[in-house]
Structures are given as structure tokens and as C-alpha cells.
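Just below is one structure, and these are the notes that go with it.
The basis for the numbers below is simple: all heavy atoms, side chains too, and nothing from hydrogens, waters or symmetry mates. Just so you know, ligand 1 is whichever comes first in the structure, and atom 1 is the first atom listed for that ligand. Positions are given from 1, in the same order as the sequence printed here.
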Amino acid sequence: MPASPLLIVGSMAFDDLDLPSGQARDVVGGSCTYAGLAASHFAPVRAVAVVGEDFPQATLDDLGKRGVDCAGIERAKGKTFRWWGRYADDLVSRTTLDTQLNVFADFKPKLPAGYSESPYVLLGNIHPALQLEVLAQIKKPRLVAADTMNFWISGERKLLGQVLEKIDLLVINDEELRQLAEIHNLTRAARAVLKLGPKRLIVKRGEFGALLFDSDDTFFVPAYPLEDEVDPTGAGDSFAGALLGYLAQKDATDRATLRQALHTGATVASFCVEAVGTGRLTTLEPGAIRMRMGELRALVHPGD
Ligand code: AMP
């Protein structure tokens, strides 16, 4: 059975990264870039984003070769979105030093013909107003998932509330979940956010794995124990992209498939951390994904 298409809307960016290993400047990033690359291993991707005149055409061409349809990526007058983040030595806590919306400030997403029938949709981390604009153009999706971040939780809470009412699955990290629910305990925070609309919620916890909550199920997947962590930027987006890509590949959203999708998300996210920016995702082979999936599974299987 051929995989169903997955529509991803998100940011395409230049990132300036202050990492314990050194500074990296003008690194191509953004939620759409990471999620698209991760998802492309599993399903055809339709990307919706905006870039400025300064964004390399070669990057878009490369995405195209990997099965990411870039017809929905608009090239607008002006500069590409920019984000500057600084990581602490533990690579866990990160501070945003600057966010420049640039071409995102005037972006009005318009889905190319055929995109509105996309059965699987990932509203990547982006202004919730844009997430809503995309949602309004989608017809009868089988599953809509959304991601967000602290920037929008503190700045656009009301609009984000409208997004939550309309989605099936929220994929969010632990710090953001606590901020959104204003509750420290993750289980209680998840239950509170599920009451705001999403039927299911996945909490990404970096090196501590990820948890899935829905009305009658809680499931845990560990993070792959890496020896060399270089740059966690985009790991959350890669997790969400691979997760949705897997669901689109199987064209299923039942509990068992969702659990497998979490394993897939955790596996692909671990690769993302191994190099700066998208460096590892762009060299990733299906065989390496399969092997690490097995290692991750064995990690928590106690045997008979
Ligand atoms: P992650 O590490 O998975 O949370 O994602 C990091 C990516 O998110 C970076 O490549 C940034 O370009 C992008 N990003 C950072 N802040 C924002 C924002 N406010 N809106 C959209 N994308 C952002």
C-alpha cells in the first residue's frame, strides 16, 4: 500500500547556534526543514513555508530530491526567518537570544492545488495564526498534529488555544507543557491540556524519552543513549516529522501504530543530535534507522 501524503507547515530558517562545542552561524534550520527531512524517509511530504531571497535554492532542490514537494514554499522579498539560540553545557537548557520573523511577518500560506486534501497534517512550530490559516484550508484530514514552543505560548496564548481546539495530537516538550498548563507535574499537566482540545498528547523529554497520553492510555519510549551529542536543535521537529511520516506511511492512527510511530520519532530524533543543524539527517540511510530502531526496542525489552 503506498504511503499517504503528509502536509507540513513550519518555519524555514537561518539559525545561529551557540553550542558547547563552538559557534555555528547561518545554519539552515527551521521546524519545516527538520520535520520534512525526517518525514521524507517514510512518506511523501508537502512542505508549506516561506523563505527570503537569501535562502539557498540548492537546499530546496535537495529537499525536492528527497521527496519533499516544495511547491508550497514561497520565496518572498526580504530576509529569511532567523533564530539565535544558546545551549548550556549540558545541552539541555537553551535560551533564545533573538528571533527575527522577517518574511514570516507578512506570510499568508496558500496551499497549492491538491494540498488541501492531505490526509495527514503536521502544523510545525510556527505562529499559531498561520497554523490556523492552514487548518482552514484543509478538507477532511485523517489526523492533524501540532507542535509549538515557549515563544508562542507566552506571546499568542489565545490563538494557540484555538489551534488546540482543532487538532487531534499535540506534540510538545516538557518545559512547554508545564508552561501551557501552568502545572509542574507532567501527568497532571497533560490531563489539563487534553481538556483544551487535543485527543492525544505527546510530551518530548529530550534525553529522558517521550510520553504519549490519551484518555485511556499512557505509553513511554526512551531516548537512544548517545555517546556524542553535538546539537539538539531540531530534534523535537525531527521527532514529530518522523512520527507523522510513519503514521502517513501506514495510513493508520490506532494505538499500536501510534506506539510504533513514537519509536520511529525517537530513533530519527537521536540521529539529528549527532551533528550540527541538519548535517546528520541529510546523510541518514534507511538501514541505519532500522538498526537503531532495533537497538532502541532492545533497550527496554527485559527478555523472557
Ligand atoms: P527544536 O529544537 O525542535 O525546538 O526546533 C528548533 C528550530 O525551531 C530551529 O531550527 C529554529 O529555526 C526554529 N524556531 C525557533 N524559534 C521559532 C519560532 N518562534 N517559530 C518558528 N520556528 C522557530
Side-chain angles (χ1 to χ4, degrees), residues 8-19 24-39 47-52 55 59 79-88 91-105 107 109 122-131 134 145-157 159-160 163 170-177 179 202-207 210 223 229-244 265-266 268-282:
I8 301 178
V9 58
S11 54
M12 298 194 81
F14 286 125
D15 292 338
D16 292 323
L17 307 170
D18 293 3
L19 297 159
R25 297 288 175 257
D26 299 325
V27 178
V28 168
S31 52
C32 186
T33 313
Y34 283 107
L37 280 170
V48 174
V50 63
V51 297
F55 197 83
T59 303
K79 286 186 183 164
T80 297
F81 173 86
R82 274 199 101 85
W83 177 74
W84 180 15
R86 177 171 294 161
Y87 290 86
L91 274 181
V92 175
S93 47
R94 126 177 138 184
T95 315
T96 292
L97 299 178
D98 194 26
T99 301
Q100 291 174 23
L101 292 181
N102 295 333
V103 288
F104 260 115
F107 180 50
L122 172 59
L123 305 170
N125 170 32
I126 196 176
H127 196 303
L130 298 180
Q131 294 180 321
V134 169
D147 192 354
T148 192
M149 75 185 288
N150 47 9
F151 190 77
W152 308 117
I153 298 171
S154 53
E156 296 290 353
R157 188 174 270 270
L159 280 176
L160 190 57
V163 175
L170 179 67
V171 188
I172 190 171
N173 78 29
D174 42 8
E175 194 189 319
E176 291 151 0
L177 174 63
Q179 185 188 358
I202 291 170
V203 193
K204 297 171 286 184
R205 304 200 65 203
E207 62 179 322
E229 295 171 281
V230 178
D231 174 17
T233 309
D237 305 311
S238 307
F239 182 100
L243 179 112
L244 265 289
V268 175
S270 75
F271 284 109
C272 179
V273 180
E274 289 181 332
V276 173
T278 59
R280 183 66 183 101
L281 288 184
T282 50

Where Ala13 and Thr80 come nearest, the two heavy atoms and their spacing: CA-CG2, 3.9 Å

Proximal protein residues to ligand 1, non-hydrogen atoms under 4.0 angstrom: Ser11, Ala13, Asp15, Gly29, Gly30, Tyr34, Phe81, Trp83, Arg94, Asn125, Met149, Phe151, Trp152, Pro232, Thr233, Gly234, Ala235, Gly236, Asp237

Charged N-O contact under 4.0 Å between Arg82 and Asp15: no

Shortest non-hydrogen contact from Val103 toward Val51: CG2-C, 3.9 Å

Salt-bridge present (Arg94, Asp18; N to O < 4.0 Å): no

Least distance between heavy atoms, Ala223 atom then Gly206 atom: CB-O, 3.4 Å

Pair Tyr87-Thr233, side chain to side chain donor-acceptor pair (under 3.5 Å): steps then yes or no: CA-CA 9 Å; Tyr87 290 86; Thr233 309; 2.6 Å; yes

